[in-house]
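All remarks here apply to the structure that follows.
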Amino acid sequence: MLDPQLLRNELEKVAAALSKRNMTLDTSSIQVLEEKRKAIQMKTEELQSLRNSKSKEIGALKSKGEDAQAVMDEVASIKAKLDESVSELDEIQIELNDILSGIPNIPHDSVPNGNTEDDNEEVRQWGEPKKFEFEVKDHVDLGEGLGLIDFETATKITGSRFVVMQGDIARLHRALIQFMLNTHSTEHGYQEINVPYLVNADSCKGTGQLPKFEEDLFHIKEHGLYLIPTAEVPVTNIVRDEIVNNDDLPKKFICHSPCFRSEAGSYGKDTRGMIRQHQFEKVEMVQLVKPETSYDVLEELTGHAENILKKLELPYRVVTLCGGDLGFSASKTYDIEVWLPGQNKYREISSCSNFEDFQARRMKARWRNPETNKPELLHTLNGSGLAVGRTLVAVMENYQNEDGSITIPEALRPYMNNQTTIEKQV
RNA sequence: GGAGAGGUGGCAGAGUGGUCGAAUGCACUGGUCUUGAAAACCAGCGGUCCUUUAUCGGUCCCGUGGGUUCGAAUCCCACCCUCUCCGCCA
């Protein structure tokens, strides 16, 4: 949520900033509502104040044993006006709130203009895509060739966009999780955390998945709960409705979790393989920080994700998302794209974002600034470190051998009993 | 799933219809004292929104949402959560 003050005082500036996202803000209707709100709120509070003081008078009179009927009649007429005023105010506030909660975050100045992912700006590249001396396979052919990845059975058990992994591929998948968690917690200073995978609606509102993107979530209606689309939701909501102590900042969490996404609207997109699934696993970095540090932290956090790819020796590039491609809650996002030989292109494997105070305002997540001694909004950031399924795909495709076996990256061997290759079992 | 108890400020804990945003203690902040610290003493100390350049002022908040009343932390209803006991269970 944007700062309502900003919308009041600098509406035109906000509208201009949002045009970078390729959206137009209906400023005139906001202005009209806002003026109405102001007038009615002032009137309402005046009436409330009057009612309160008169009621106290009644109390004082009665305690002295005097007759209070005249004042009571007076309050009755105030009350009628007040009720009307309150319901009018409620209506306007709901309307304004709906508008406000539907407005995305303002892009940072450094965010490039543009509408689609083609307009994203490459920041850097790392590593060289390997030249293969043979015809490369994608992870589906590799996995099915090894007999260790099985989409058909997953479809039988559940449906499309699910997968069953077995044997050494399942172990490699698990090894990746351990490797990522260990690296972030021991080398990058994150605290490991384990959280619920079902969350309530308030948590989804806090991080911005609700109310606008309900169709992307799996909803357990009987219990009013949602399957998490990312650990960002439960982890960031740890500080919802909290005032964090200055000494406890920054908070840095690393969390492995499954992620569930309905992928509504992506029919026909990435239908082959493990790239886009309804369920996948991810190791997520979350940081809750003081506002003045958040852009430095974004660089740092992106570096932490890159470090995983460097250790796995997987070529990648980093892009800055353009305004049109930026997520709803983010001010600035770097995507990290890993090289996939099977597709002969770079594909997103991590998304690192600074939300500034956008999520914090929705969540009422604050810290006490020792300089002002007042509660102030935190800044929230998160990034994948990394998407495990896609990392598995990248390892398989980049480390494939001509015979269909897969060499295990050095960094993962300690997690695989020092095994060096994955081969077809005979 | 059954039975009972309970949800008040950072924590503990009082408050059962009026001057209660809320006693008291602890914690915290500032000051006095001290070479320094501790102790003692004095003072301050929730959040929200509106208005305002700012102050002043006002609204709302005692789990959440409704209701009763001139007036609700206090009474009524629903829901949520926590604890104890029983049952079931990884």
Side-chain angles (χ1 to χ4, degrees), chain A residues 1-11 30-31 33-101 194-206 210 220-226 234 237-249 251 258 288 357 360-378:
Chain A
M1 197 161 81
L2 293 180
D3 185 355
Q5 302 282 1
L6 203 62
L7 227 57
R8 254 167 238 160
N9 302 330
E10 306 192 53
L11 188 55
I30 293 176
Q31 232 154 10
L33 271 173
E34 183 47 43
E35 271 163 39
K36 251 164 97 183
R37 187 229 96 227
K38 190 171 178 171
I40 295 170
Q41 180 161 356
M42 285 174 71
K43 182 176 136 200
T44 305
E45 292 188 1
E46 241 168 68
L47 287 168
Q48 281 171 325
S49 173
L50 194 61
R51 178 205 56 192
N52 290 346
S53 61
K54 292 286 175 189
S55 289
K56 276 183 188 172
E57 253 177 66
I58 294 170
L61 287 172
K62 285 201 167 177
S63 70
K64 279 186 276 178
E66 292 173 26
D67 177 45
Q69 194 54 49
V71 190
M72 283 172 72
D73 292 343
E74 203 180 335
V75 175
S77 80
I78 292 169
K79 218 193 145 191
K81 277 188 249 168
L82 179 59
D83 285 348
E84 195 186 324
S85 188
V86 165
S87 63
E88 210 176 333
L89 181 62
D90 282 351
E91 225 170 275
I92 288 185
Q93 253 157 359
I94 286 167
E95 206 173 328
L96 267 172
N97 232 317
D98 284 352
I99 293 174
L100 199 60
S101 65
N194 187 289
V195 293
Y197 304 147
L198 286 166
V199 293
N200 58 34
D202 281 342
S203 292
C204 295
K205 280 178 199 152
L210 288 180
I220 318 283
K221 290 197 179 66
E222 300 87 324
H223 297 93
L225 297 173
Y226 297 83
N237 273 282
I238 286 171
V239 291
R240 171 153 56 86
D241 292 321
E242 300 286 334
I243 300 172
V244 181
N245 217 308
N246 178 50
D247 303 336
D248 297 334
L249 293 173
K251 279 184 181 286
L288 311 163
D357 62 13
R361 184 170 295 105
R362 291 177 157 232
M363 290 192 298
K364 294 190 186 67
R366 295 167 296 173
W367 64 297
R368 196 170 293 277
N369 185 344
E371 280 169 32
T372 60
N373 207 30
K374 290 274 172 212
E376 295 174 14
L377 292 169
L378 288 166

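Values below: every heavy atom of this structure, side chains too, minus hydrogens, waters and symmetry copies. Proteins come first, then strands; the chains are lettered A, B, ... in the order of their sequence lines, and each starts at number 1. Treat the numbers as computed from the prediction; the structure is a model and nothing was measured.
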Identify all pairs in which a protein N or O lies below 3.5 Å from an N or O of nucleotides 64-66 of chain B, and state each distance.
none

Here's a test for you: under side-chain hydrogen bond (donor to acceptor under 3.5 Å, both in side chains), which of A:Ser49, A:Ser87, A:Ser85 qualifies with A:Thr44?
A:Ser85

I need the A:Asp90 CG to A:Asn97 CG distance, nearest 0.5 Å.
11.0 Å

Separation of A:Leu7 CG from A:Ile99 CD1 (nearest 0.5 Å):
9.0 Å

State, to 0.1 Å, how close [X] and [Y] come at their nearest heavy-atom pair, and which atoms those are.
X        : Y        : answer
A:Arg361 : A:Leu2   : NH1-C, 3.3 Å
A:Lys54  : A:Val71  : O-CG1, 3.8 Å
A:Leu377 : A:Trp367 : O-NE1, 3.4 Å
A:Pro234 : A:Val195 : CG-CG2, 3.6 Å
A:Val244 : A:Val239 : CG2-CG1, 3.9 Å
A:Arg51  : A:Leu82  : NH1-CD2, 3.5 Å

Base paired to [N] (Watson-Crick or G-U; both N/O distances under 3.5 angstrom):
N     : result
B:A5  : B:U82
B:C88 : none
B:U29 : B:A43
B:U53 : none
B:A12 : B:U24
B:U68 : none
B:U74 : none

Nearest-Å distance once atom [atom1] is located in both [N] and [M]:
N     : M     : atom1 : value
B:G10 : B:A5  : C1'   : 26 Å
B:A73 : B:U19 : P     : 9 Å
B:A22 : B:G9  : P     : 14 Å
B:G63 : B:G13 : P     : 15 Å
B:C20 : B:C62 : C1'   : 10 Å
B:G21 : B:C60 : P     : 10 Å
B:G25 : B:A14 : P     : 15 Å
B:U29 : B:C45 : P     : 16 Å

Letter by letter from the 5' end, nucleotides 71-82 of chain B scores (B base, S sugar-phosphate only, - none; protein heavy atoms under 4.0 Å) S-----------

Base, backbone or nothing for each nucleotide of nucleotides 46-56 of chain B, written B, S, -, heavy atoms under 4.0 angstrom, 5' to 3'?
-SSSBS-----

Round to a whole Å and report the spacing from [atom1] of [X] to [atom2] of [N].
X        : N     : atom1 : atom2 : result
A:Lys56  : B:G18 : NZ    : P     : 13 Å
A:Glu242 : B:G9  : CD    : P     : 13 Å
A:Asp241 : B:G9  : CG    : C1'   : 15 Å
A:Leu47  : B:C70 : CG    : P     : 17 Å

Identify whether any heavy atom of A:Asp73 sits under 4.0 Å from a base atom; if not, whether one sits that close to sugar-phosphate; answer base, sugar-phosphate or nothing.
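No contact at all - A:Asp73 keeps every heavy atom at 4.0 Å or more from the nucleic acid.
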
Between the main-chain N or O of [Y] and the side-chain N or O of [X], is there a donor-acceptor pair closer than 3.5 Å?
X        : Y        : answer
A:Asn237 : A:Ser203 : yes
A:Arg362 : A:Ser101 : yes
A:Arg240 : A:Met363 : no

Can you check side-chain hydrogen bond (donor to acceptor under 3.5 Å, both in side chains) on A:Glu45 and A:Gln41, steps first, answer last?
CA-CA 6 Å; A:Glu45 292 188 1; A:Gln41 180 161 356; 3.2 Å; yes

Nearest-nucleotide wise, let me know which of A:Lys54 and A:Leu50 is further upstream toward the 5' end of RNA chain B.
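The residue closer to the strand's 5' end, by nearest nucleotide, is A:Leu50.
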
Has A:Asn52 got a side-chain N or O lying under 4.0 Å from the OP1 or OP2 atom of B:U59?
yes

